[in-house]
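Here the structure is laid out as structure tokens; the discussion comes afterwards.
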Amino acid sequence: MPSDDFVVTPWHVEGDIDYEKLIKRFGTGKISAQLLARITRITGEDHFMLRRGVFFSHREMDRILDDYEKGNKFFLYTGRGPSGRTHIGHLVPWVFAKWLQEKFDTNMYFQLTDDEKFFSKHNLTLEDTKKFALENALDFIALGFDPKKTKIIINTSNIQALYPIAAQVAKKINFSNTKATFGFTNETNLGMIFYTSLQSAPCFIEDKPVLIPLGVDQDPHFRLTRDIAPKIGRPKPALLHNIMIPALEGPGGKMSASDGDGTVFTTDAPDVVKKKINRHAFSGGRPDLEQHRRLGGNPDIDVSFQYLRIFFEPDDDKLKTIYDDYKSGEMLSGELKAILIEKMNNFLATHQKNREKARDRVDEFLFENK
Ligand code: TRP
């Protein structure tokens with residue numbers, strides 16, 4: 001990888017991502033001021049994740065809105081590869097998906113790909129990934145989805161429902177397409193090669209168009225799905241992409257659920273959260289107090305500030321005050337971190353209660369094979 005470059009694929013994210021360049025590389029559309037205004041008009045709310053470019057790119061969101069305004073409904077779909085415990089960054093697109101579901105009053109499917117993570121991670125058994133899938137499901141349910149409109153698909157449990165659709169998809173994607181898309185080699189296992197068909201299947205689970213809020217790293221799967229959709233007589237999935245949520249240690253790469261210290265898990269206790277942020281959150285501050293006061297900090301690279309921007313401080317005025325104070329040197333890195341720690345721990349206190357309550361409700365959400 002050249003030093004000024006970056007990699008974004010479903011299984012590998014590396015480098016400092018230039019999102020403008022990524023839009024060009026992937027051939028997606030930027031969420032324009034016009035599209036933003038249209039979403040605001042229809043939903044009656046200017047969501048901060050759209051306004052701040054956390055969701056920054058799309059494919060055919062305009063078509064979904066055209067149809068919606070004509071009275072034609074769509075449904076929502078997103079998912080998670082259960083390779084470990086849920087961390088804070090995973091919740092970003094799920095919280096946004098819930099907002100979409102409420103505003104557009106749609107059904108929603110959440111796919112947990114225990115098979116995918118078994119295929120892609122050499123150190124995980126299928127039992128491990130299934131266990132993580134059920135743990136991750138608790139975090140999803142804890143966000144307050146309505147079980148009447150929301151179903152959780154676990155690939156190995158729901159294969160009976162997925163397989164007939166996956167077979168339609170698989171017949172239309174050839175090896176050279178997936179190979180070019182993902183860089184597969186002769187050593188790649190067959191599970192990985194077939195896998196896109198399974199991630200595509202929920203796109204066609206209802207007889208309506210689908211809108212998928214997702215991390216931009218997942219776009220390549222749905223590029224393939226979109227290419228073959230007309231060949232199986234189905235509408236192309238529309239997409240809304242979010243940026244990769246930075247790891248605590250710093251920009252470049254997404255939060256990884258595999259390394260413990262630099263990651264805040266949804267089950268972490270308040271003192272653990274405090275310790276992780278104080279020790280590991282990449283700081284935009286200066287090396288010493290004198291310089292910080294004189295020159296100011298850099299909120300644009302400071303991970304604590306980014307977490308406030310992306311998730312924990314929806315109020316623009318409050319966020320701007322923090323930005324200005326940090327940049328002028330009036331606010332110190334420790335003070336900025338303290339703001340984030342408090343917000344995160346408040347959020348987690350509620351989330352952890354709801355997560356425990358969710359244990360008894362999992363069955364209401366699990367997709368039933370017909
Ligand atoms: N492959 C995704 C991951 O590793 C999980 C996933 C399945 C997904 N279906 C999806 C993500 C649909 C976004 C949208 O996280």
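Count residues from 1 along the sequence. Numbering of ligands and ligand atoms starts at 1, following listing order. Every value quoted in this text rests on a predicted model; they were computed, and no experiment measured them.
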### Distance-only donor-acceptor check, side chains Thr156 and Asp115, under 3.5 Å
no
#### Entry: Nearest option to atom 11 (C) of ligand 1, as decided by whichever heavy atom of Gly81, Gly79, Ser200 sits closest
Gly79
#### Entry: Qualifying residue, where the test is ring pair (Phe, Tyr, Trp, His ring centres under 6.0 Å) with Tyr109 and the options are Phe204, Phe75, Phe140, Tyr77
Phe75
### Query
Lys117 heavy atoms, cut-off 4.0 Å: which ligand 1 atoms fall inside?
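So the answer, numbered in order with elements, is 4 (O).
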### Query
Which atoms of ligand 1 have any heavy atom of Ile212 under 4.0 Å away?
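By the 4.0 Å cutoff, the relevant atoms are 14 (C).
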### Task
Using the test ring-ring contact (aromatic ring centres under 6.0 Å, His included), find all partners of Phe55 that sit at least two apart in sequence or belong to another chain.
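Per chain and number, Phe55 pairs via ring-ring contact (aromatic ring centres under 6.0 Å, His included) with Phe96.
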### Query
Who pairs with Tyr68 by ring-ring contact (aromatic ring centres under 6.0 Å, His included), at least two apart in sequence or on another chain?
Phe104
### Query
Taking NZ, NE, NH1 and NH2 as the nitrogens, is one of them in Lys149 or Glu102 under 4.0 Å from a carboxylate oxygen of the other?
no
### Message
If you measure every N or O of Thr78 against every N or O of ligand 1, does any of those distances drop under 3.5 Å?
### Response
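Between Thr78 and ligand 1, no N or O pair is found under 3.5 Å apart.
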### Query
Are any of the N or O atoms of Thr113 closer than 3.5 Å to those of ligand 1?
no
### Check: Ala201 main-chain N/O paired with Gln111 side-chain donor or acceptor under 3.5 Å
no
### Task
Tell me which part of Arg80 gets within contact of ligand 1: side chain, backbone, both or neither, using heavy atoms under 4.0 Å.
backbone
### Query
So is Trp11 in contact with ligand 1, going by heavy-atom distances below 4.0 Å?
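Not so, Trp11 does not reach ligand 1.
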### Task
Assess His221 for proximity to ligand 1: is some non-hydrogen atom of it under 4.0 Å away?
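Flag not set, His221 not near ligand 1.
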